[in-house]
Amino acid sequence: MTENKPKMDVNIGGLILSNPVIAASGTFGFGREYSKYTDLNKIGAISVKALTLEPRQGNKPPRIAETPGGILNSVGLQNPGVRAFIKDEIPFLRKFDTAIIANIAGNTLEDYCEMAEILSREDIDAVELNVSCPNVKKGCMSFGNTTAGITEITKEVRKHLRKPLIVKLTPNVTDIKEIALAAEAEGADAISLINTLYGMAIDIHRKRPILANNFGGLSGPAVKPIALRMVYEVSKAVKVPVIGMGGITTGDDAVEFMLAGATAIMVGTANFVNPTACVEVEKGIENYLSMYNINDVNDIIGILELN
Amino acid sequence: MTENKPKMDVNIGGLILSNPVIAASGTFGFGREYSKYTDLNKIGAISVKALTLEPRQGNKPPRIAETPGGILNSVGLQNPGVRAFIKDEIPFLRKFDTAIIANIAGNTLEDYCEMAEILSREDIDAVELNVSCPNVKKGCMSFGNTTAGITEITKEVRKHLRKPLIVKLTPNVTDIKEIALAAEAEGADAISLINTLYGMAIDIHRKRPILANNFGGLSGPAVKPIALRMVYEVSKAVKVPVIGMGGITTGDDAVEFMLAGATAIMVGTANFVNPTACVEVEKGIENYLSMYNINDVNDIIGILELN
Amino acid sequence: MSKVISEKVEKVEQLAKSIYRMTIKSAYISENAKPGQFVNVKCSEGINALLRRPISICKVDKDRGTFDIVFQIKGIGTEYLAQKTATSEVDLIAPLGNTFNIDAKHEKIAVVGGGIGIFPLLYLLRELKDVEKRAYLGFRNKDFAVLLDEFEANCNVLNISTDDGSMGYKGLVTDILENDLKSCNFDIIYTCGPMPMIKRVVEIAHKNNIKCQVSMEQRMGCGIGACLVCACKTKKEESWEYSHVCKDGPVFWSDEVIFDD
Amino acid sequence: MSKVISEKVEKVEQLAKSIYRMTIKSAYISENAKPGQFVNVKCSEGINALLRRPISICKVDKDRGTFDIVFQIKGIGTEYLAQKTATSEVDLIAPLGNTFNIDAKHEKIAVVGGGIGIFPLLYLLRELKDVEKRAYLGFRNKDFAVLLDEFEANCNVLNISTDDGSMGYKGLVTDILENDLKSCNFDIIYTCGPMPMIKRVVEIAHKNNIKCQVSMEQRMGCGIGACLVCACKTKKEESWEYSHVCKDGPVFWSDEVIFDD
Ligand SMILES: Cc1cc2nc3c(=O)[nH]c(=O)nc-3n(C[C@H](O)[C@H](O)[C@H](O)COP(=O)(O)OP(=O)(O)OC[C@H]3O[C@@H](n4cnc5c(N)ncnc54)[C@H](O)[C@@H]3O)c2cc1C
Ligand SMILES: Cc1cc2nc3c(=O)[nH]c(=O)nc-3n(C[C@H](O)[C@H](O)[C@H](O)COP(=O)(O)OP(=O)(O)OC[C@H]3O[C@@H](n4cnc5c(N)ncnc54)[C@H](O)[C@@H]3O)c2cc1C
Ligand SMILES: Cc1cc2nc3c(=O)[nH]c(=O)nc-3n(C[C@H](O)[C@H](O)[C@H](O)COP(=O)(O)O)c2cc1C
Ligand SMILES: Cc1cc2nc3c(=O)[nH]c(=O)nc-3n(C[C@H](O)[C@H](O)[C@H](O)COP(=O)(O)O)c2cc1C
Ligand code: FES
Ligand code: FES
């Protein structure tokens, strides 16, 4: 079977990935910790923990709550800042055969543009615009849930960024297609979705929310049907590649997203449960292709037929 | 302990329920089937399967798909029509000490108004406006996801309805508060939420959606954190009582919703797994009250403190 | 009258690579069940497999107060069920659904089953006394052909087909049925299995003017007739309606069902 | 170096109403673990309890290649864990976290534990040789007081308090500590347990100029330092930062931690 290994590389707006599996931002750090448990060379790309212009400490703990089939998190963008990333993390990640996607979040439009300028000069493969983090009071959330917001930020960042631009969408909106089309119109090379769904969990004994931040973002298997529907809608609406995520745990889950139209997929929460999840998902996609004698993963993208 | 049984009755916009547990529309039929397994007298109210002006057959099967911690359904409003309900079901339900909430769905504004007129003359306790069913092509969905739509339908139905009016909201919107405020402004006596989240599940072997209708509404434990956040937001925003639902399976789940601001709660998907779920949820709320020596369920409504 | 009931597992036996038989102690169900009925069984703790799974009753032993279900592993629910052991309990709603029509006037009957559809038919055969019974069973291949000795013991003639010819006739079981009908007749045919097989059986029965009952499968929510998800298109006066497999079925007369969904 | 590893359960024992000890066979973990470290254990199949649960290592038997964890049932995860039997496997990431500071210069040490915080301290006591060891353990009531014989065997003086006086001193265990400090001194105090207790111990240690290590608890996601959810406020130069319990801890020097979150 080794000679029959299907062709796994995919093209995300000019960026070629060795396979369609990407570690989702915020769930994989900068790859360091997971490198002890899994072979980073076998992962198509790593979208690193969201970077901000200056270092950030994030929210108070508890920052996580388990919910049925999912988790709520309110990390609040703790990160060492874009410059420390460049100095300390890029050299480490470059030792591996995996693409680097810099996920960026800002308080202001200027923050985003400045990070785009800085990162354009660095050895990374793409930038993912986090305009949809539910866990910070001001900033990125507000750009992501209106077409006006997404238009403005995509247009401005595009001017400053000389790398493929992935715009990551929030699912907390009435019409996701509209938001995706706005991002595409302003020059996004790809759309990734979904970020987390805004939620809450309560400790009935303390009569307070479990998260110190009160609210958080829901991810994990629970959100899969919502994510899948949105990925389908967006990939029907836009022409640029779509990166799908939300609850992917197995190769079969990934195949669902690819059939629905995703050119690549991201694995998030599943990494916490199983540090080798990304590699297992990749293997699972290969198994599916082998089962049906498909020799190029691109042949399953968007082939879902409606009933 | 019997003499110390806490006071369980709540007031939903003038409608007094013997306890805050309501069977959610579409999950309990007209109570007939469940009456074989559970004591309907112990349930505060039953919101019946959505009624339309004329009988409807609903969507093709399969109409259900299991997803992680939840289900997708696309029943598509199968029901015998409002007149058959009046003739065949009200007399049956009236044998029990439980309030009857008529959940109504229409294709047009006129449908809703006509049903409101008809039901105003009948022996029911309240009407719940289903403006948010994701499983029919035209009609109710479109009213529910804009403030303009909700304003129009609430205003018109209010003119024709001489019963307490509960407006049920869809969670598939960017800002649920705004929608709730619009319903309140036009005379809703209570707000219920959430209806199902729009989603999809794919059979990777047939390369088609599992549901014949392709898309469906997500309910069950998976949606609980989203529902809870929305119930909190809405009950902070409006003055009318809020009926909370989404994934409630146990008394503790119900308490979470009540702490967050719900005056009553609905149990849906849990009935399928456990036909006595409603009664067990009620018992669970009582246990919680006893544990903390609270002798009126109204004392826990909305007392959540943020961190 | 069905009940929500927690019962002790007496035995779990592997019959084939992916097929298991579970014997469950239940005075109530063994007393009340009839052929064609099913149990709706909780297949996990917590939310892992959220919904109950419908499984046909395959055998009832009133004396011992037990009944059997036989199931094939398809996904998480049946996989979990297969891990139960003699010390486990199962949480059931049962018995559910209507029953096969059993009529003293029927002198010669046939059952036509495919795959997991054979199990309710075996229960039916066991309960039919003093009748000439023929069974027609189709399988993907011999690895799925289970309980043949019990079929053998409960009918007069047993016909087997497999898709790949690894056992019995190679081809469709309905070919055997059709061929037999040239030389013999039945008062009624009962069928359960994959939809293409059912459709073909119904076609053959109608062409030969034989009464026919089909046992239908559909994805279920509540299993008790309340949620309306398990729709099955049936005739109604000049038109049609959606009946429900869990309550109006699983057994329907073949001329009631409209097979175009 | 920690690993993702599936290991056999050797024994599960109920120590009190809601407290269980599990002995797990693992050459790898017993060889590599150090006091203060924890395992991150999968507590369900499928999605029932989605996240792994962190549980401290309570004992290591290198010769037999086993280690023990002791846990109290709090919710769905620990409840599931308690149902494991001698034939089960557990899926672990282990050993994780840093370790208590053990220094040959320490001649007299104290451990102060409350509730489930006592288990990592017992492991520490077992590994500390040739030192004078005193243990101060506080419990809600005597029903939660477990493993006392093992504490007894592994320290020179054992002090017990309960909130309701049902065993030992009635009141706070830190009262006993404070009183003892009038007449004796320690080179280091190790503490683990409820936050109010930890804070009080740190206060007492600082007032008495005794070095102190605290083992912290926080809700975790990954357990390996990647997701950054398990934040713990610590000093950094003139200011502070969020360190992470799973990686930078669970053990911190008492003067590193800022207890105002
Ligand atoms: C009336 C009736 C009687 C049945 N009797 C038997 C029997 O005796 N032996 C047997 O092996 N199987 C029987 N089945 C099929 C059995 O219910 C499914 O194989 C089983 O539900 C699959 O569950 P799973 O978790 O293993 O698979 P999954 O695919 O993980 O199940 C996912 C969901 O789809 C539903 N589902 C999947 N396949 C079917 C199906 N074919 N029919 C209905 N729902 C389905 C499940 O109930 C569940 O809700 C019967 C079905 C019906 C409707
Ligand atoms: C480093 C460390 C070591 C620990 N050692 C032990 C030990 O030796 N014995 C023991 O009984 N307990 C120990 N705990 C606490 C133990 O992790 C929790 O009691 C357990 O996770 C509760 O899980 P549950 O599913 O039973 O409860 P649930 O309340 O259902 O858990 C829900 C979620 O909250 C998390 N959670 C709940 N309580 C805690 C807590 N106190 N700390 C961290 N996460 C929590 C769970 O991990 C899970 O993600 C330790 C915790 C940490 C952080
Ligand atoms: C703990 C945690 C932290 C996250 N941080 C980020 C982030 O920094 N930037 C971002 O774009 N998404 C972030 N996400 C969202 C994930 O990248 C992903 O969109 C989401 O978790 C859905 O995928 P999943 O269900 O596979 O986890 C975070 C998610 C989790 C669980
Ligand atoms: C099978 C099914 C049918 C439903 N039909 C209706 C309906 O007719 N009218 C309505 O307002 N809501 C309907 N709902 C939504 C429920 O009333 C409820 O809002 C939703 O399921 C969330 O609650 P739960 O998670 O407890 O199920 C239906 C839900 C299910 C699962
Ligand atoms: S499964 Fe609910 S009506 Fe049949
Ligand atoms: S739990 Fe993920 S960093 Fe500590």
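From a predicted model like this one, the values you see are computed outputs, not experimental measurements.
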Between C:Ser2, C:Gly223, C:Cys230, the one whose heavy-atom pairs under 4.5 Å with chain B are most numerous: C:Ser2
Show the nearest heavy-atom pair for residues [X] and [Y], with the distance to one decimal.
{"X": "B:Ile64", "Y": "C:Arg219", "answer": "O-CD, 3.4 Å"}
{"X": "B:Tyr34", "Y": "C:Ala226", "answer": "CE1-CB, 3.4 Å"}
{"X": "C:Leu228", "Y": "B:Arg63", "answer": "O-NH1, 2.7 Å"}
{"X": "C:Val229", "Y": "B:Pro61", "answer": "O-CB, 4.5 Å"}

Which atoms of [X] are under 4.5 Å from chain B, going by heavy atoms: the side chain, the backbone, both sets, or neither?
{"X": "C:Arg52", "answer": "side chain"}
{"X": "C:Lys3", "answer": "backbone"}
{"X": "C:Met220", "answer": "backbone"}
{"X": "C:Glu241", "answer": "both"}

Quick check: do [X] and [Y] have side-chain heavy atoms less than 4.5 Å from each other?
{"X": "B:Asn59", "Y": "C:Tyr242", "value": "no"}
{"X": "B:Pro221", "Y": "C:Leu50", "value": "yes"}
{"X": "B:Glu66", "Y": "C:Ile76", "value": "yes"}

Take atom [atom1] of [X] as the centre, draw a 6.0 Å sphere, and report whether it contains more than 12 heavy atoms from other residues, nucleotides or ligands.
{"X": "C:Lys84", "atom1": "NZ", "value": "yes"}
{"X": "B:Arg206", "atom1": "CZ", "value": "yes"}
{"X": "C:Lys8", "atom1": "NZ", "value": "no"}
{"X": "C:Lys235", "atom1": "NZ", "value": "yes"}

Heavy-atom cut-off 4.5 Å, strictly under: side chain, backbone, both or neither for B:Tyr37 against chain C? side chain
Given heavy-atom pairs under 4.5 angstrom as the criterion, report whether the side chain, backbone, both or neither of B:Thr249 touches chain C. neither
Atom [atom1] in [X], atom [atom2] in [Y]: separation rounded to 0.5 Å?
{"X": "C:Asp91", "Y": "B:Asn274", "atom1": "CG", "atom2": "CG", "result": "7.5 Å"}
{"X": "C:His244", "Y": "B:Gln78", "atom1": "NE2", "atom2": "CD", "result": "3.5 Å"}
{"X": "B:Lys60", "Y": "C:Lys233", "atom1": "NZ", "atom2": "NZ", "result": "6.5 Å"}
{"X": "B:Thr269", "Y": "C:Ile47", "atom1": "OG1", "atom2": "CD1", "result": "12.0 Å"}

